[in-house]
K.L.:
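Can you keep this structure in mind? I'll have questions shortly.
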Amino acid sequence: MLQEPLVDHIYQTGFINKKYSDWTLFVQPFGLEVNVHKIVVSRSPLLQKLLNLEQNTLVVNDPWITPQGFLTVLGYLYTGHYSVQGDPTFLKSVYQSCLLLGLDAFALHVRDIILADISPKTCFEYADFPLSKDQVMDYMIHHLVQDLITQFGPIWGFPASEGYQELVQVFDHLSFETYKQVLESPSFTVPSDMERFQFAKHVCQVRSKNREQENVLLSFSSGKSGITIVRKQVQKQKSERRLWLSGALQN
C-alpha cells in the first residue's frame, strides 16, 4: 500500500526536487529558471497559453510581484492547498501572482488574508496597494486610533505616550496623499481642532526630515476638520544675471 499521498509526492518530488520535469519556465526580469511539469502548470490559463504557443518565457511587469510570491503560487498549482502566510510584501506578491496566472479562487483566499491582516503595524504597507486601498483608508479613519488606545491606553493629550508615538510612526510611512486625506477627514475623530492641529504639526516635523517640507494650517470652513495640510513649494534660487558689454560698447 502506498504511504505517501499522490499530491504530496508530486509536489515534493516534482516541484521541490525538480525531478522528471518536461518544461523549463523562464521568468523575467527575475532571472528565474523553473523546471516544471506541463500537465500540472497547464492549470493556469496563462501558462497553458504559453504552452500552446510553444513559448517558455514569461515577462512579469507587475511591481508588486516578487520571485518568492510567484514561486509560492506555482507551488499551489501542484498542491491546490490554500495555506499561505507571511508579511505584507509577500502577501501582496502572492495575490498579484494569482491574478497574473488566472487563479481566481486562490486570489480570493489571499485577499481575505490581506484584509484580515490590516492593523496598526501593517496598515501603511497596504495603504497604496490597489486591492486594499479603500479598506485601509476606512480602517485608518475609523479604527486605527481605537486599536492603539486599546493596546497602549490614552493617546490624545499624551504626546509622550507610546500610543501617540506609534500613531505618528504610522503617518510617517504614508504617502502624502493618504496622510493628508486621513488627517483632514472629519471622521478621523480627534477631541478638538487644536489637538488635531498639534498632532498634524508633529507628524509634519517628523516627515519633513526625509521629504519635501510639509505644513499644516488651521482652517475655519464649516464642515471641514479644522486643518489643511499642504506641501511647501521649494523655490529655486534665481541665478544671478550679469550683463556683459562688448569692448566696443565699453569704450
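This chain uses plain numbering: 1 for the first residue, then up along the sequence.
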K.L.:
Scan for side-chain hydrogen bond (donor to acceptor under 3.5 Å, both in side chains) pairs involving residues 130-140, sequence neighbours excluded, and state none if there are none.
P.N.:
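Listed once each, the pairs are D138-H142, Y139-D147.
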
K.L.:
Is I65 close to F30 at the side-chain level, that is, under 4.5 Å between some pair of heavy atoms?
P.N.:
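With C-beta onward as the side chain, the pair touches.
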
K.L.:
Please, which pairs that meet side-chain hydrogen bond (donor to acceptor under 3.5 Å, both in side chains) have at least one residue in residues 37-56, sequence neighbours excluded?
P.N.:
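The answer is H37-Y78.
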
K.L.:
Output all residues satisfying side-chain contact (heavy atoms from CB on, under 4.5 Å) with E33, sequence neighbours left out; order by chain, then residue number.
P.N.:
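Checked E33 against side-chain contact (heavy atoms from CB on, under 4.5 Å); matches are T24, F26.
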
K.L.:
What verdict does the side chain to side chain contact (heavy atoms under 4.5 Å, CB included) test give for L217 and I227, after you've listed the backbone C-alpha separation in whole Å, the side-chain angles of each residue and the deciding distance to 0.1 Å?
P.N.:
CA-CA 5 Å; L217 308 172; I227 66 168; over 6 Å; no

K.L.:
Going from CD on Q198 to NZ on K201, what distance comes out if it is rounded to the nearest 0.5 angstrom?
P.N.:
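Here the rounded value is 6.0 Å.
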
K.L.:
Hey, is the main chain of Q205 close enough, under 3.5 Å, to the side chain of S208 for a donor-acceptor pair?
P.N.:
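Here the side-chain-to-backbone pair does not exist.
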
K.L.:
In chain order, what residues pass the side-chain contact (heavy atoms from CB on, under 4.5 Å) check against T79, with sequence neighbours excluded?
P.N.:
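Expected list: V7, Y11, H81.
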
K.L.:
Could you pull out the closest heavy-atom pair between S21 and V36, with the gap in Å?
P.N.:
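The pair with the smallest heavy-atom distance is CB-O, 3.1 Å.
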
K.L.:
Please report the interatomic distance CD(E184) to CD(Q181), rounded to the nearest 0.5 Å.
P.N.:
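Going from CD on E184 over to CD on Q181, the span is 9.0 Å.
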
K.L.:
Indicate if V230 and V182 have the same hydrophobic cluster label, given that clusters are the connected sets of ILVMFWY residues with side-chain heavy-atom separations under 4.5 angstrom.
P.N.:
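V230 does not cluster with V182.
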
K.L.:
Determine, stepwise, if the pair D128 / S175 fulfils side chain to side chain contact (heavy atoms under 4.5 Å, CB included).
P.N.:
CA-CA 8 Å; D128 296 320; S175 67; 3.6 Å; yes

K.L.:
Taking atom OG1 of T72 and atom CZ of F70, what is their separation to the nearest 0.5 Å?
P.N.:
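It is 10.5 Å, given to the nearest 0.5 Å.
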
K.L.:
Evaluate the side chain to side chain contact (heavy atoms under 4.5 Å, CB included) criterion for residues V216 and T228: first the C-alpha distance (whole Å), next the side-chain angles of each, then the deciding distance (0.1 Å), finally the verdict.
P.N.:
CA-CA 6 Å; V216 55; T228 300; over 6 Å; no

K.L.:
Please give me the minimum heavy-atom distance between V170 and F124, naming the atom from each residue.
P.N.:
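Shortest heavy-atom contact: O-CB, 4.0 Å.
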
K.L.:
Should we say atom CD of Q85 is surrounded by more than 12 heavy atoms from elsewhere, each under 6.0 Å from it?
P.N.:
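Incorrect, the count does not exceed 12.
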
K.L.:
Is there a side-chain contact between L50 and L58, using heavy atoms and a 4.5 Å cut-off?
P.N.:
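Counting from C-beta outward, L50 and L58 do come under 4.5 Å.
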
K.L.:
Taking atom OG of S192 and atom CZ of R196, what is their separation to the nearest 0.5 Å?
P.N.:
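Reported to 0.5 Å precision, the distance equals 9.0 Å.
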
K.L.:
For G157, does its backbone N or O pair with a side-chain atom of E195 as donor and acceptor, under 3.5 Å?
P.N.:
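Pair found, side chain donor or acceptor close to backbone of G157.
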
K.L.:
With hydrophobic residues grouped by side-chain heavy-atom distances under 4.5 Å, do I10 and I39 end up in a single group?
P.N.:
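The answer is yes; both residues are in one hydrophobic cluster.
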
K.L.:
Ignoring hydrogens and geometry, is there a side-chain-to-backbone donor-acceptor pair from T122 to E125 under 3.5 Å?
P.N.:
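No; zero donor-acceptor contacts below 3.5 Å.
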
K.L.:
At what distance, to the nearest 0.5 angstrom, does CG of L144 lie from OG1 of T189?
P.N.:
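One finds 11.5 Å between CG of L144 and OG1 of T189.
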
K.L.:
Under a 4.5 Å side-chain heavy-atom rule over Ile, Leu, Val, Met, Phe, Trp and Tyr, are L71 and I16 clustered together?
P.N.:
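They do share one cluster, since a chain of ILVMFWY contacts under 4.5 Å joins L71 to I16.
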
K.L.:
Does anything in residues 180-204 form a ring-ring contact (aromatic ring centres under 6.0 Å, His included)? List the pairs, not counting sequence neighbours.
P.N.:
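Of all non-adjacent pairs touching residues 180-204, those that pass ring-ring contact (aromatic ring centres under 6.0 Å, His included) are W156-F199, Y164-F199, Y164-H202, F171-F188, F171-F199.
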
K.L.:
Does the side chain of F90 reach to within under 4.5 Å of the side chain of V84, using non-hydrogen atoms?
P.N.:
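Answer yes - side chains close enough.
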
K.L.:
Are L53 and L47 connected in the hydrophobic side-chain network, where two residues link if heavy atoms are under 4.5 Å apart?
P.N.:
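Shared cluster, no.
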
K.L.:
More than 12 non-hydrogen atoms from neighbouring residues, nucleotides or ligands closer than 6.0 Å to CG on L46, yes or no?
P.N.:
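Atom CG in L46 is crowded, with more than 12 foreign heavy atoms closer than 6.0 Å.
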
K.L.:
For residues 79-97, which residue pairs pass the salt bridge (charged side-chain N to carboxylate O under 4.0 Å, His left out) check, not counting sequence neighbours?
P.N.:
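Of all non-adjacent pairs touching residues 79-97, none passes salt bridge (charged side-chain N to carboxylate O under 4.0 Å, His left out).
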
K.L.:
What pairs with W23 under ring-ring contact (aromatic ring centres under 6.0 Å, His included), at least two apart in sequence or on another chain?
P.N.:
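Testing W23 for ring-ring contact (aromatic ring centres under 6.0 Å, His included), a comparison that skips the adjacent residues, returns none.
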
K.L.:
Spell out, as yes or no, whether a donor-acceptor pair under 3.5 Å connects the side chain of T178 to the backbone of L174.
P.N.:
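Side chain of T178 to backbone of L174: no pair is present.
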
K.L.:
F176: which residues meet the side-chain contact (heavy atoms from CB on, under 4.5 Å) condition with it, sequence neighbours left out?
P.N.:
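With neighbours one apart ignored, the set is Y179, K180, R207, E214, I229, R231.
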
K.L.:
For a 4.5 angstrom cut-off between non-hydrogen side-chain atoms, does Y126 reach D117?
P.N.:
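Yes - at least one pair of side-chain heavy atoms lies under 4.5 Å apart.
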
K.L.:
Can I get a per-line list of side-chain donor-acceptor pairs under 3.5 Å for residues 97-109, giving both atom names and the distance, sequence neighbours left out?
P.N.:
{"unit_1": "S97", "atom_1": "OG", "unit_2": "S93", "atom_2": "O", "d": "2.8"}
{"unit_1": "H109", "atom_1": "NE2", "unit_2": "Y82", "atom_2": "O", "d": "2.9"}

K.L.:
To check you understand the geometry: which heavy-atom pair defines the closest contact between L32 and P67, and what is its length?
P.N.:
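Result for this residue pair: CD1-CB, 4.1 Å.
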
K.L.:
Holding to salt bridge (Lys or Arg N to Asp or Glu O under 4.0 Å), I want the full list of residues that pass it with R111, two or more places apart in sequence or in another chain.
P.N.:
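Testing R111 for salt bridge (Lys or Arg N to Asp or Glu O under 4.0 Å), a comparison that skips the adjacent residues, returns none.
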
K.L.:
Tell me the salt bridge (charged side-chain N to carboxylate O under 4.0 Å, His left out) pairs involving residues 151-174, sequence neighbours left out?
P.N.:
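Matches after skipping sequence neighbours: K121-E166, D172-R211.
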
K.L.:
Got a second to check how far L148's CG is from Q146's CD, nearest 0.5 Å?
P.N.:
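So the gap between those two atoms works out to 9.5 Å.
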
K.L.:
Please determine whether side chain to side chain contact (heavy atoms under 4.5 Å, CB included) holds for the pair I114 and F129, giving the CA-CA distance in whole Å, both sets of side-chain angles, and the decisive distance to 0.1 Å.
P.N.:
CA-CA 10 Å; I114 288 175; F129 188 52; 4.0 Å; yes

K.L.:
Membership question, hydrophobic clusters at under 4.5 Å side-chain separation (ILVMFWY): are V203 and M194 in the same one?
P.N.:
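Yes, it is one cluster - the side chains of M194 and V203 are joined through contacts under 4.5 Å.
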
K.L.:
Please name all residues satisfying side-chain contact (heavy atoms from CB on, under 4.5 Å) with N17, sequence neighbours left out, ordered by chain then number.
P.N.:
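N17: side-chain contact (heavy atoms from CB on, under 4.5 Å) contacts with Q12, K19.
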
